[in-house]
Every structure is written in C-alpha cells, then in structure tokens.
Amino acid sequence: MFDFSPTDEQALLLESVREIMKHYPASYFKKHDREGTYPKEYVQELKDSGILLLGVPEELGGTPVDKVTRMLVNMELARGGAPNSFIALNTLAISDMQEFGSEEQLKRVVDAFNEYDQTMCMAFTEPSGGSDSYAMTTTYEKKDGKIILNGQKTFSTGAAESRYALVMTKRPDADEHPKDAFTLFLVDLEKPGIEMSPLHKIGMHMISNCEIFFRDVELDPSDMVGEEGKGFLYLMENFEFERLGAAAEACGSAMCAFDDAAKYAGERVQFGKPIGSFQLIQEKLTDMKAKIETMRLLILQTAWEADQGKSLRLTSALVKRYCAQAAFEVIDDALQIHGGLGYTDESRVSRLWRDTRMQRIAAGTDEIMSHIVGRQIVKEYAAKQ
Ligand SMILES: Cc1cc2nc3c(=O)[nH]c(=O)nc-3n(C[C@H](O)[C@H](O)[C@H](O)COP(=O)(O)OP(=O)(O)OC[C@H]3O[C@@H](n4cnc5c(N)ncnc54)[C@H](O)[C@@H]3O)c2cc1C
C-alpha cells in the first residue's frame with residue numbers, strides 16, 4: 001500500500017503554503033474576480049517564496065522536489081481559495097524549455113519569469129482546430145534565413161500578461177495525418193505583426209484568455225523549440241504534466257468549496273435547526289467527501305507512479321477526466337448547500353463554480369480524455385482475445 005501522509009518536509013512546506021494563503025483571504029480574490037484584474041501580489045509572493053519554482057533545478061533558482069510534493073502544494077493552494085492556472089503556466093514554461101528547448105531559450109524564459117507577471121502562454125488551440133489538432137492552420141515559411149509566421153490562435157490563457165507564447169505550427173504541405181508536420185516556436189509577444197484580443201468568459205476573470213493574430217511575424221531560426229517536426233510529440237509530453245496539475249488544482253478547489261459548505265451547513269438554520277442536521281444535506285456532504293478522497297488518492301498515486309518513472313500518457317488523461325468532473329460536482333453541491341447565497345458572488349463557491357467548470361474543457365475536454373483512455377482499454381482487451 002502507498003502511504004500518502006505528508007513527510008515532515010512536506011508538512012512544513014504545506015504549513016508555509018497555508019501561511020501564504022492567510023495573506024490572501026476570500027475578499028482579495030473576490031475583488032480581483034469582480035474587477036477582472038490580475039492578482040499580482042499573490043503571484044509575486046508565490047515567486048518570492050520559491051513555490052513557483054518547486055521542481056526546478058537549483059542552478060535555475062528552484063528547489064527540486066518530486067511530483068507528489070508538487071501536487072500536494074497545488075491542492076493546498078487551491079484549497080486555500082487560490083484561482084486555478086497561475087501555478088501551471090509559470091512552471092510549465094520552465095519545465096518545457098528544459099525538456100525540449102535550447103539553453104538560450106531556457107535562459108529567456110527564466111529571465112521572463114523574474115520580470116513579467118506570466119512567463120509564457122500556450123498557443124495551441126485555433127478557431128478551426130480545438131480538439132482536432134490536425135485541423136490547425138497556423139504555419140511558417142523559411143525565407144532569407146528567417147522564419148515567417150502566419151495564423152491565429154485562440155483561448156490562450158494569460159497571453160496578455162505573458163512575455164512569450166509557445167506556438168504550435170503546421171507545415172502547409174502536410175498530408176492528412178501529419179504527425180511529423182508540427183513544430184513549436186518560442187515567440188516573443190512584443191514582436192511586430194502580433195495582435196491580441198481578449199475573450200469574455202463566464203469565469204477565470206483574474207487572467208486573460210486571448211485570440212492571438214500572427215501576421216508575417218519574423219522569427220529567428222533559434223526561436224524553433226526542439227527539432228523541426230517534433231512539435232506534436234512535445235505537445236503530448238507537455239499535456240501529461242499539465243493535466244495532472246490541472247486535476248490537482250480542481251481537487252483543491254473542490255476541497256475549498258467543501259470546507260465552506262460544511263461550515264455553512266452547521267451555521268445556517270432553517271425549520272429551527274442547522275441545515276446540516278437534515279439527512280439530504282448530510283448525504284451531499286458524504287458524497288462530496290467520497291469524491292474528494294478518491295480524487296486525492298488518484299492524483300497522488302499517479303504522481304507517485306510518475307516519480308517512479310512510469311509514463312503519464314494515459315493516467316494523466318484518466319485523472320483529469322475523473323477530477324475535472326468530480327470537482328465540479330462537489331462544487332455544484334457546495335453551491336446547492338448555500339442555497340440562494342451560493343448563486344451570488346457573496347459566496348466564494350460561486351466563483352469556484354464558474355472557474356472550475358473550465359477544467360472540463362481546457363487542456364483537453366472530458367470527451368477527449370475519455371477517447372484517449374477508452375480507446376486504450378478497448379485495444380488492450382482486443383489484444384487479449
Ligand atoms: C478557460 C480556458 C482556458 C484555455 N486555455 C488554453 C490555452 O492556454 N492554450 C490553448 O491552446 N488552448 C486553451 N484552451 C482551449 C481548449 O484547450 C479548447 O477549448 C479545447 O481543447 C476544446 O476545443 P474547442 O473549444 O475548439 O472545442 P471543440 O473541439 O470544437 O469541441 C466541441 C465539443 O465537441 C466535443 N468533441 C470534439 N471532438 C470529439 C470527439 N472526437 N469525440 C467526442 N466528442 C468530441 C468536445 O469534447 C466538446 O464537447 C482553453 C479553453 C478554456 C475554456
């Protein structure tokens with residue numbers, strides 16, 4: 001059996017996360033959510049305290065820790081009411097460049113990490129190419145020793161706050177299923193020919209999601225990330241860890257909503273009794289707790305397996321599929337327990353409800369996660385016959 005009770009070191013780290021979160025009460029995020037502003041102080045404190053550099057090598061200013069520890073921290077921050085996506089985007093920038101980029105690209109993102117609100121946004125999705133990556137049309141051509149980029153991306157989280165974008169392109173002459181036709185570029189968003197337009201969302205108001213337009217943007221060959229034609233492979237690797245991190249954030253948000261709902265159930269009196277004394281409310285709390293425990297174990301077991309060197313390709317899709325939906329169900333029940341108050345922005349659960357719904361779509365939809373996992377199950381059982 002696995003023992004996922006925190007080690008002394010992890011317990012200390014989680015205690016420091018809880019201390020940090022005391023500086024950012026519900027009212028802090030409520031204000032930023034209402035005003036649609038970036039929670040600068042919160043992100044800066046995560047940077048200053050080293051939380052955003054957990055898992056990054058010491059020579060880059062980070063602290064090497066295992067994936068189980070990173071997931072525990074992701075969950076604890078979200079449990080304290082932190083919005084999702086802020087950790088993932090900054091840490092992925094550095095880990096992606098370490099994995100696939102050059103030394104010089106790694107230096108560029110580390111410098112940007114220190115100077116900008118967000119380091120690098122992911123620019124994969126296009127208006128015609130969402131779940132179907134093969135349908136993307138952003139492309140590049142080589143001309144006089146330069147690379148000319150043209151196309152359009154959409155939904156890019158944090159694009160307006162980032163210095164760089166990791167842009168996926170496709171060779172224009174690629175055939176129908178061109179796995180080797182995708183190439184990634186590290187694009188400086190301050191370059192001429194780039195325009196952005198923010199999308200207006202139902203949640204996630206503290207960070208931008210933008211359409212990005214590239215019109216004859218001149219890049220240097222050194223902006224190519226890794227090898228030409230290997231972009232799809234790198235994208236899949238990026239998604240593996242991104243999906244596990246997203247599941248941990250969703251689970252933490254569910255824990256936060258559960259804490260609020262369980263407290264409210266003891267305080268709110270109807271028919272002369274706290275609503276927590278009614279069995280239908282108790283049933284909801286029980287179901288919520290069971291889902292939270294299942295999510296937590298699934299996330300930590302998957303992170304532990306990854307720490308042992310096991311591939312995350314399928315398990316990260318399974319974990320994201322389960323946690324994105326289960327977390328939203330928990331938060332929906334928490335909103336229900338708050339009654340009418342839950343439907344107003346006076347309650348924190350209303351923001352968690354709007355924000356966490358995103359996890360069922362971003363970084364691959366529920367349906368695509370089921371497709372990845374289900375296809376493999378069918379294949380495995382067919383092979384046994
Ligand atoms: C808040 C938010 C943040 C995001 N951040 C980023 C980001 O930073 N960078 C980025 O590149 N993208 C980002 N995205 C985009 C996200 O990855 C896409 O929205 C997602 O991949 C789905 O693509 P789509 O919206 O085009 O939907 P579509 O692919 O058009 O899908 C529409 C519906 O059809 C279903 N569907 C599609 N194909 C199949 C199939 N084969 N079988 C069954 N059902 C199917 C989908 O599951 C979905 O329910 C973000 C999205 C959101 C909402």
Side-chain angles (χ1 to χ4, degrees), residues 1-2 4 67-68 71 74 84 88 92 96 99-100 122 124-137 155 168 170-171 174-184 229-251 254 287 290-330 332 356-385:
M1 284 303 286
F2 309 106
F4 290 129
K67 292 187 172 63
V68 167
M71 292 308 111
N74 276 14
N84 289 190
L92 269 176
D96 277 358
E99 294 276 324
F100 337 119
M122 305 291 165
F124 309 141
T125 306
E126 298 187 5
S128 60
S131 302
D132 181 8
S133 307
Y134 292 122
M136 71 175 61
T137 58
F155 280 112
M168 182 64 89
K170 196 174 93 178
R171 226 178 41 226
D175 345 320
E176 212 184 315
H177 274 129
K179 269 214 171 78
D180 63 348
F182 293 97
T183 301
L184 282 172
K230 293 239 170 111
F232 200 81
L233 208 75
Y234 302 147
L235 176 71
M236 292 304 116
E237 282 182 38
N238 166 296
F239 272 146
E240 287 176 11
F241 197 61
E242 188 179 356
R243 285 172 182 159
L244 183 60
E249 287 185 331
C251 175
D287 286 344
K291 283 174 191 163
I292 287 171
E293 290 303 316
T294 311
M295 282 191 271
R296 186 176 173 278
L297 285 174
L298 197 52
I299 291 161
L300 294 180
Q301 182 184 312
T302 308
W304 181 83
E305 286 172 359
D307 284 329
Q308 311 311 307
K310 194 175 161 195
S311 161
L312 277 176
R313 208 166 60 83
L314 288 174
T315 45
S316 63
L318 180 73
V319 175
K320 181 173 181 289
R321 167 65 180 78
Y322 180 75
C323 294
Q325 194 160 349
F328 184 69
E329 286 165 5
V330 168
D332 191 52
T356 313
R357 184 64 178 82
M358 159 292 279
Q359 297 285 15
R360 296 187 52 199
I361 300 170
T365 63
D366 282 0
E367 292 76 13
I368 295 302
M369 297 305 100
S370 298
H371 173 60
I372 295 172
V373 178
R375 181 182 49 188
Q376 187 60 24
I377 294 172
V378 172
K379 223 191 243 177
E380 266 174 34
Y381 278 76
K384 284 181 191 167
Q385 279 164 8

Chemist: For E126 and T137, does a side-chain donor sit closer than 3.5 Å to a side-chain acceptor?
Modeler: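 Checked: E126/T137 side chains pair up, N/O donor to acceptor below 3.5 Å.
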Chemist: Are D96 and Y234 close enough that some pair of their side-chain heavy atoms sits under 4.5 Å apart?
Modeler: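 D96 vs Y234: side chains apart.
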Chemist: Do side-chain atoms of D307 reach the backbone of K67 as a donor and acceptor pair under 3.5 angstrom?
Modeler: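 Here the side-chain-to-backbone pair exists.
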Chemist: Passes side-chain contact (heavy atoms from CB on, under 4.5 Å), W304 versus F4? Steps please.
Modeler: CA-CA 9 Å; W304 181 83; F4 290 129; 3.9 Å; yes
Chemist: Measure the CG-SG distance between L298 and C323 for me, rounded to the nearest 0.5 Å.
Modeler: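 So the gap between those two atoms works out to 5.5 Å.
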Chemist: Locate the shortest heavy-atom distance separating L312 from T302; write the atom from each residue and the value.
Modeler: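 Reported closest heavy-atom pair: CD2-CG2, 3.4 Å.
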Chemist: Distance from T356 atom OG1 to F328 atom CZ, nearest 0.5 Å?
Modeler: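 The OG1 atom of T356 sits 8.0 Å away from the CZ atom of F328.
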Chemist: Can you check whether M295 reaches Y322 side chain to side chain, under 4.5 Å on heavy atoms?
Modeler: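 They are in side-chain contact.
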Chemist: Would you mind checking if K291 and E329 are paired as a salt bridge, meaning a charged N to carboxylate O distance below 4.0 Å?
Modeler: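 K291 and E329: salt-bridged.
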Chemist: Give a yes or no on whether the backbone of F100 and the side-chain of K230 come within a donor-acceptor separation of less than 3.5 Å.
Modeler: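 No, the answer is negative, given that no donor and acceptor are paired below the 3.5 Å cut-off.
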Chemist: Looking only at heavy atoms, what is the nearest atom pair of R243 and G364, with distance?
Modeler: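 Looks like NH2-CA, 4.1 Å.
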Chemist: Work out which heavy atom in L244 is nearest to a heavy atom in S316; give both atom names and the distance.
Modeler: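 Where L244 meets S316 most closely, the heavy atoms are N-CB, 4.4 Å.
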Chemist: Search all heavy atoms of G129 against all heavy atoms of A135 and return the closest pair with its distance.
Modeler: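 The pair with the smallest heavy-atom distance is CA-CB, 4.1 Å.
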Chemist: Which residue is it: K320, Q359, R360, R321? I am looking for the one with a side chain to side chain donor-acceptor pair (under 3.5 Å) to D366.
Modeler: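 Filter result, single survivor: R360.
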Chemist: In Å, rounded to the nearest 0.5 Å, how long is the span from OG1 of T294 to CD1 of I299?
Modeler: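 The CD1 atom of I299 is 10.5 Å from OG1 of T294, to the nearest 0.5 Å.
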Chemist: Supply the atom-to-atom distance S131 OG to H371 NE2, rounded to the nearest 0.5 angstrom.
Modeler: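 Spacing of OG (S131) from NE2 (H371) equals 10.0 Å.
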Chemist: Evaluate the side-chain contact (heavy atoms from CB on, under 4.5 Å) criterion for residues L235 and L184: first the C-alpha distance (whole Å), next the side-chain angles of each, then the deciding distance (0.1 Å), finally the verdict.
Modeler: CA-CA 9 Å; L235 176 71; L184 282 172; 5.6 Å; no
Chemist: Just how far is it from atom CD of Q376 to atom CZ of R313, taken to the nearest 0.5 Å?
Modeler: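 So the gap between those two atoms works out to 6.5 Å.
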Chemist: About how many Å separate CG of D132 and CD1 of I368, when rounded to the nearest 0.5 Å?
Modeler: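 Reported to 0.5 Å precision, the distance equals 8.5 Å.
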Chemist: If you take all heavy atoms of A247 and V319, which pair is closest and at what distance?
Modeler: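 Answer, listing the atom of A247 first, then V319: CB-CG1, 3.5 Å.
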Chemist: So L314 and L318, do their side chains get closer than 4.5 Å, heavy atoms only?
Modeler: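 Counting from C-beta outward, L318 and L314 never come under 4.5 Å.
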Chemist: Check G229 against T183 and note the closest heavy-atom contact, atom names and distance.
Modeler: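 Distance-wise, the nearest heavy atoms are N-OG1, 2.9 Å.
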Chemist: Considering residues at least two apart in sequence or located in another chain, which fulfil the salt bridge (charged side-chain N to carboxylate O under 4.0 Å, His left out) criterion with E367?
Modeler: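 E367 satisfies salt bridge (charged side-chain N to carboxylate O under 4.0 Å, His left out) with no other residue.
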Chemist: According to the interplanar angle, ranging from 0 to 90°, do the rings of F182 and F232 count as parallel (below 30°), tilted (30 to 60°) or perpendicular (above 60°)?
Modeler: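 Geometry flag for F232 against F182: tilted rings.
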